[in-house]
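These notes are about the structure you will find just below.
Just so you know, residue 1 is the first one in the sequence shown, and it goes up from there. Side-chain atoms are counted along with the backbone in the values below, which use heavy atoms only and exclude waters and symmetry mates.
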Amino acid sequence: MIQADYSARLREIRDKVEAEERLSMDDGIFLYDPAVPLQEIGMLANLVRERKNGNVGFYNINTHLNPTNVCVYRCRFCAFRSDLRDPKGYVMNDEQILQRGQEATENGCTEMHIVGGLHHKMPYTWYRGIIELLNENYPQIHLKAWTAVEINWFEFQTKKSKQWVLEDQRKAGLGSMPGGGAEIFHPEVRDQLCEHKANTHEWLRVHQTAHEIGIRTNCTMLYGHVEKAYHRIDHLLRLRELQDRTGGFQVFIPLAFHPDNTKLSDLKKPSALMDLRTIAISRLMLDNVQHIKAYWIMLGIETAQTALAYGADDIDGTVRHELIYHDAGATTPQCLSVDDIRQLIVEAGRDPIERDTVYNRVHREPHDFTKWSTETVPSEAVTS
């Protein structure tokens, strides 16, 4: 394609974005062409970002809990998993889990993000018990727990339906679900990465069921490994289609692949330019998802900060005790302070707003950081 053709094609896409018209598969694939200027895509994504979320840069105060790394699956991209008898393998006991809840409370966390391995020796009641234990002892902390892959595993363990498992988890104290386990939906890629775990249909059905019974969820895409532009756009369109039906996704998180210590360690990690292009294209394609998160743990602090001008409106949170991506070679800090995060957002020219898991604004008592309340803010108020 000659330069004049690129310019004309980009102008067509710009006209669509400005008119709030939906982009197509071909539009998305075109935007991944390296010849299309990243700055132009970023400007369009920023237009949508500010249209939806104004000048706000969201963050939260959260901690991660990975109760076990022992896993029946052997996904090629995962550096976190362990075999049962591997010295690296671990299973947290109740005392350790409660200690993590106490630490979260003392540090003012509003959210605990809980995911882990699928341990074939631990019954469903153990996984449910983690949620119940934390909810009973630290009821103010929102428990965002279990990917669709884990819910699918619980189905297998209990021989019950998706809806039964999700409702049972909610009775125990589940607040919402993270978006992990999506990887890349297209079978050409998924079968290379994780052929034995929950397939695309199962992942989407778990999230659809969660949405139908009122559980909000996140959604993700793991990019920068063996997939091509077509596979990424196909993935985004499948998410967009489900969101059209349910409206239950609250934020999309593009996850940059980290190859170190995985079975794909010969690959190079995505460049910062690819990270920004993916975030921007995601903002443009997912017109029905309110928020796009720049996950600083995976992107690096500088790229995540820059992403606030390329479509992202959320930089995630303090992220205490993250293991999964650090095991895969992430060199970012284990935790950022609130002051650090707010400064990153301010330096990017955005207004820092602390949120809870479901995007209510958090208000803290001036003389006691650990005491807080939330305020539900209509989406239109964000852009005013």
For the aromatic rings, using the six-membered ring if either is Trp, is the centroid distance between [X] and [Y] under 6.0 Å?
| X | Y | answer |
| --- | --- | --- |
| Trp146 | Phe154 | yes |
| Tyr359 | His291 | yes |
| His231 | Phe185 | no |
| His119 | Tyr127 | no |

Next on the checklist: Taking CD in Gln99 as the centre, count heavy atoms belonging to other residues, nucleotides or ligands within less than 6.0 Å. Is the count above 12?
Outcome noted: no

Item to check | Greater than 12 external heavy atoms within 6.0 Å of Lys268's NZ | outcome: no

So, the side chain of [X] versus the backbone of [Y]: is there a donor-acceptor pair under 3.5 Å, distance only?
| X | Y | value |
| --- | --- | --- |
| Asn66 | Val115 | yes |
| Asn60 | Asn62 | no |
| Asn360 | Asp356 | no |
| Arg283 | Val48 | no |
| Lys144 | Asn218 | no |
| Asp340 | Leu336 | no |
| Asn199 | His201 | yes |
| Glu183 | Val189 | no |
| Glu20 | Val17 | no |
| Gln305 | Leu344 | yes |

Next on the checklist: Run the side-chain contact (heavy atoms from CB on, under 4.5 Å) test on Val251 and Gln290 for me, step by step, so that the C-alpha distance in whole Å, both residues' side-chain angles and the decisive distance to 0.1 Å come before the verdict.
Outcome noted: CA-CA 6 Å; Val251 60; Gln290 186 71 25; over 6 Å; no

Checklist entry - Going through the distances and angles, do Cys219 and Leu239 end up as a side-chain contact (heavy atoms from CB on, under 4.5 Å)? => result CA-CA 8 Å; Cys219 53; Leu239 291 175; 3.9 Å; yes

Please tell me whether [X] and [Y] have a donor and an acceptor in their side chains that are separated by less than 3.5 angstrom.
| X | Y | answer |
| --- | --- | --- |
| Glu111 | Thr357 | yes |
| Glu375 | His363 | yes |
| Thr105 | Gln102 | no |
| Glu365 | His367 | no |
| Ser337 | Asp339 | no |
| Gln343 | Glu347 | yes |
| Thr217 | His211 | yes |

Checklist entry - Which class fits the ring pair Tyr124 and Trp164: parallel under 30°, tilted 30 to 60°, perpendicular over 60°? => result tilted

Decide, yes or no, whether a salt bridge links [X] with [Y] under the criterion of side-chain N to carboxylate O below 4.0 Å.
| X | Y | result |
| --- | --- | --- |
| Glu202 | Lys162 | yes |
| Glu155 | Lys160 | no |
| Arg240 | Asp244 | no |
| Arg14 | Glu40 | yes |
| Asp168 | Arg128 | yes |
| Asp313 | Lys293 | no |
| Glu212 | Arg245 | no |

Under the 6.0 Å and 45° cation-pi test, does [X] pair with [Y]?
| X | Y | answer |
| --- | --- | --- |
| Arg9 | Tyr6 | no |
| Arg364 | Phe369 | yes |
| Lys88 | Tyr90 | no |
| Arg277 | Tyr32 | no |

Are [X] and [Y] joined in one hydrophobic group, where the rule is that I, L, V, M, F, W and Y side chains link up if heavy atoms are under 4.5 Å apart?
| X | Y | result |
| --- | --- | --- |
| Ile353 | Val362 | no |
| Leu276 | Phe30 | no |
| Val346 | Tyr310 | no |
| Leu23 | Leu237 | yes |
| Ile213 | Val358 | no |

Checklist entry - So Ile61 and Ile341, side-chain contact (heavy atoms from CB on, under 4.5 Å) or not? Walk me through it. => result CA-CA 10 Å; Ile61 301 180; Ile341 290 175; over 6 Å; no

Item to check | Heavy-atom pair of closest approach, residues Ala104 and Thr63 | outcome: CB-CG2, 3.7 Å

Item to check | Verdict with supporting geometry, Arg350 and Glu50, side-chain contact (heavy atoms from CB on, under 4.5 Å) | outcome: CA-CA 10 Å; Arg350 302 300 188 184; Glu50 294 189 351; 2.8 Å; yes

